[in-house]
Amino acid sequence: MIPPAPGARLAGKIALVAGAGSSAAGWSIGKASCVTLARQGAAIIALDADLAAAEDAAHEVERAGGQALPVQADVADADAMRAAVDAALAHYGRIDVLQANAGIGKVGGPEDIDLADWDRIQRVNVTSLLIATRLLAPVMRAQGGGAIVTVSSIAGIRYTGYPHLAYSVSKAAVIHFARMAAQQYAADGIRVNTVIPGLIDTPRVAKNVAGMFAKDDLEAARKARDRQVPMGRMGTPWEVANAVAFLASDEASYITGTELLVDGGLTGKYA
């Protein structure tokens, strides 16, 4: 996968990417977004619950010629997030963009999902948005505006072929949270939008999803997921990151409270 060409649409901006790391070797949406935003001119705060993953994302930004500050924090921990935001503000002096990318899931339907897993998934995927928005909205308001880009999933708007209830419900909530926040903060110059990825070829596919399609055969699982998509292939993390960069930029200055599907046509597919 090749990152996009450098540009200047985010020149002078400071972007906090929450969920910046990758769960395994390779390019996640968060890590690709760090590099893409940096190549568009932004300085990056690479935040992840795993410090090594945050440092890896920051290293990739620096390899691409950008600036990055790795920060460790659990997005569902309000105190840890406050400390991380304080550290970022002390380092850069401002934060213009939040990409709320962190997300976890566990396969299971209503009778299968453990309540503790359900609660943790909702906290990481949804409550984290409340925590981050409470911290960053006042900062952005004082600066005269900003952009929040949440990352949902087509699982938040349709069934994707296997029981993924807690994750799917949380991703539906992400969409509606962004819509509500967009209305509240529009007058403050803070735009809030959501990117909705479809089937994206990330390390998470290899780690968590492949077994639902072809047990112990990653290549067969990839081909099965490719066949689901009208365009005949899964998307890449870079294609999602490009959408994030657009919505974070001033090119999207009159866009708020909406969603951008990055799914190869899958959502509109009949069967």
Side-chain angles (χ1 to χ4, degrees), residues 14-23 28-34 37 44-51 53-54 57 69-89 95-106 113-140 146-153 155-157 164-182 184-185 190-197 202 204 208 240-241 244 247-248 257 259:
I14 309 298
L16 191 161
V17 179
S22 180
S23 61
S28 65
I29 290 172
K31 189 159 72 168
S33 294
C34 286
L37 296 174
I44 306 300
I45 304 148
L47 185 149
D48 202 274
D50 183 339
L51 180 58
L69 173 71
V71 179
Q72 181 179 22
D74 179 344
V75 293
D77 183 330
D79 291 335
M81 284 297 292
R82 178 172 296 279
V85 168
D86 287 347
L89 289 171
I95 299 174
D96 303 286
V97 175
L98 165 66
Q99 183 196 353
N101 180 71
I104 59 173
K106 189 169 185 178
I113 190 72
D114 182 82
L115 284 178
D117 289 333
W118 173 277
D119 289 343
R120 176 62 180 165
I121 290 165
Q122 304 312 312
R123 283 192 58 79
V124 170
N125 296 7
V126 185
T127 305
S128 62
L129 292 177
L130 177 64
I131 291 170
T133 301
R134 281 181 169 177
L135 289 169
L136 291 175
V139 173
M140 292 179 177
I148 298 172
V149 184
T150 68
V151 179
S152 180
S153 165
I157 58 176
H164 214 189
L165 182 68
Y167 178 80
S168 298
V169 169
S170 74
K171 289 302 186 179
V174 166
I175 294 168
H176 206 58
F177 182 99
R179 289 174 178 173
M180 297 299 98
Q184 181 166 347
Y185 294 117
I190 301 170
R191 298 181 299 101
V192 190
N193 293 292
T194 301
V195 173
I196 303 181
T202 68
R204 181 176 171 273
N208 299 328
V240 179
V244 172
L247 289 174
E259 299 82 47

E259 meets the side-chain hydrogen bond (donor to acceptor under 3.5 Å, both in side chains) criterion, sequence neighbours left out, with R179
Sidechain-backbone polar pair: S152 side chain, K171 backbone, donor-acceptor under 3.5 Å
yes
Side chains of T194 and T150: do they bring a donor and an acceptor to under 3.5 Å?
yes
Start with the C-alpha distance between M81 and L47, add both sets of side-chain angles, then the distance that settles side-chain contact (heavy atoms from CB on, under 4.5 Å), and finish with yes or no.
CA-CA 9 Å; M81 284 297 292; L47 185 149; 3.8 Å; yes
So do the side chains of I45 and I14 get within less than 4.5 Å of each other, counting heavy atoms only?
yes
If every non-hydrogen atom of V71 is compared with every non-hydrogen atom of A54, which pair is closest and at what distance?
O-CB, 3.7 Å
Any side-chain heavy atom of V192 within less than 4.5 Å of one from F177?
no
Scanning both residues in full, the closest heavy-atom pair of A102 with V75 reads CB-CG2, 3.8 Å
To check you understand the geometry: which heavy-atom pair defines the closest contact between A248 and A147, and what is its length?
O-CB, 3.8 Å
Rounded to the nearest 0.5 Å, what separates atom CD1 in I104 from atom OG in S23?
12.0 Å
Would you list the pairs meeting salt bridge (charged side-chain N to carboxylate O under 4.0 Å, His left out) in which at least one residue belongs to residues 70-85, sequence neighbours left out?
D74-R120
Evaluate the criterion side-chain contact (heavy atoms from CB on, under 4.5 Å) for residue pair L16 and L98; output intermediate values, then yes/no.
CA-CA 5 Å; L16 191 161; L98 165 66; 3.9 Å; yes
Heavy atoms of V17 and G30 approach each other most closely as CG1-O, 3.9 Å
Has the side chain of D96 got a donor or acceptor atom that lies under 3.5 Å from a matching backbone atom of G146?
no
Report yes if some heavy atom in the side chain of I148 is under 4.5 Å from a heavy atom in the side chain of M140; otherwise report no.
yes
Just how far is it from atom CD1 of I196 to atom CD1 of I157, taken to the nearest 0.5 Å?
4.5 Å
Run the numbers on I95 and V85 for side-chain contact (heavy atoms from CB on, under 4.5 Å), then give the verdict.
CA-CA 9 Å; I95 299 174; V85 168; 4.2 Å; yes
If a pair satisfies side-chain hydrogen bond (donor to acceptor under 3.5 Å, both in side chains) and one of its residues is in residues 124-134, list it, with sequence neighbours excluded.
N125-S170
For V126 and L130, what are the C-alpha separation, side-chain angles and deciding distance, and is it a side-chain contact (heavy atoms from CB on, under 4.5 Å)?
CA-CA 7 Å; V126 185; L130 177 64; over 6 Å; no
Show the nearest heavy-atom pair for residues S33 and V244, with the distance to one decimal.
OG-CG2, 4.3 Å
L135 and P138: which non-hydrogen atoms are nearest, and at how many Å?
O-CD, 3.7 Å
